[in-house]
Amino acid sequence: MRQLASLTWKEWRESQAYLWIGLGVFLGLPLIGGLQYILSGHRNFGITTGPWVASFGGVLAIFIAVGSTCRDLSGRIEDFWRSRPVGVVRWLVPKYAVGLSISLACCIIPRVSEAMINRWPGDEVRNALDTEFRVLPF
């Protein structure tokens, strides 16, 4: 168990940048868009994170998977891992778990933030999925 915890901690330390990049894109860019909306003369501040998450969530997951796996398969680091008594499953499970948790956090936190920010006085809490996918006028 100690070996698994150590590998998970190593993966978390190496993959934190993906969390901050994902939140910067999925939450930071819509916040900038909301500020631009306010500066253009509108009264209510609101953000739309759904298109960002739907469009680039899979791309982020691929970047996380490729980045965390390829990092350990280059040159001297590969030789180091071959010299250790770590099986393939114990090597990949922490990578998968940390990558999945970062991907989910980068997709869920902006959506929850959108639902919390897009409340206006006098209105009920707006359903983010309903307002996002409403195409027809009825």
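All values below come from the heavy atoms of this structure, side chains included, with hydrogens, waters and symmetry mates left out.
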Hey, could you give me each pair passing salt bridge (charged side-chain N to carboxylate O under 4.0 Å, His left out) that has a residue in [range]? Not counting sequence neighbours.
range          : value
residues 13-22 : Lys10-Glu14, Glu14-Arg71
residues 47-65 : none
residues 56-65 : none
residues 46-69 : none

With sequence neighbours excluded, tell me which residues meet side-chain contact (heavy atoms from CB on, under 4.5 Å) with Val93. Val89
Spacing of Glu114 atom CD and Ile109 atom CD1 [to the nearest 0.5 Å]: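 Spacing of CD (Glu114) from CD1 (Ile109) equals 14.0 Å.
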Student check: side-chain heavy atoms of Ser113 and Thr49 closer than 4.5 Å: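 A side-chain contact under 4.5 Å is absent here.
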For residues 97-107, tabulate all N or O donor-acceptor pairs below 3.5 Å that involve a side-chain atom, not counting sequence neighbours.
unit_1: Ser101; atom_1: OG; unit_2: Ala97; atom_2: O; d: 3.1
unit_1: Ser101; atom_1: OG; unit_2: Val98; atom_2: O; d: 2.8
unit_1: Ser103; atom_1: OG; unit_2: Gly99; atom_2: O; d: 3.0

Using modelled atom types only, decide if a donor and an acceptor are shared between the side chain of Lys95 and the backbone of Ser68 within a distance under 3.5 Å. yes
Donor-acceptor pairs are to be reported for all side-chain atoms of residues 54-67 against protein atoms at under 3.5 Å, with residues two or more places apart or in another chain.
unit_1: Ser55; atom_1: OG; unit_2: Pro51; atom_2: O; d: 2.8

Side-chain atoms of residues 15-40: list all donor-acceptor pairs with protein atoms under 3.5 Å, sequence neighbours left out, distances to 0.1 Å.
unit_1: Ser15; atom_1: OG; unit_2: Glu11; atom_2: O; d: 3.0
unit_1: Ser40; atom_1: OG; unit_2: Gln36; atom_2: O; d: 3.4
unit_1: Ser40; atom_1: OG; unit_2: Tyr37; atom_2: O; d: 2.8
unit_1: Ser40; atom_1: OG; unit_2: His42; atom_2: ND1; d: 3.2

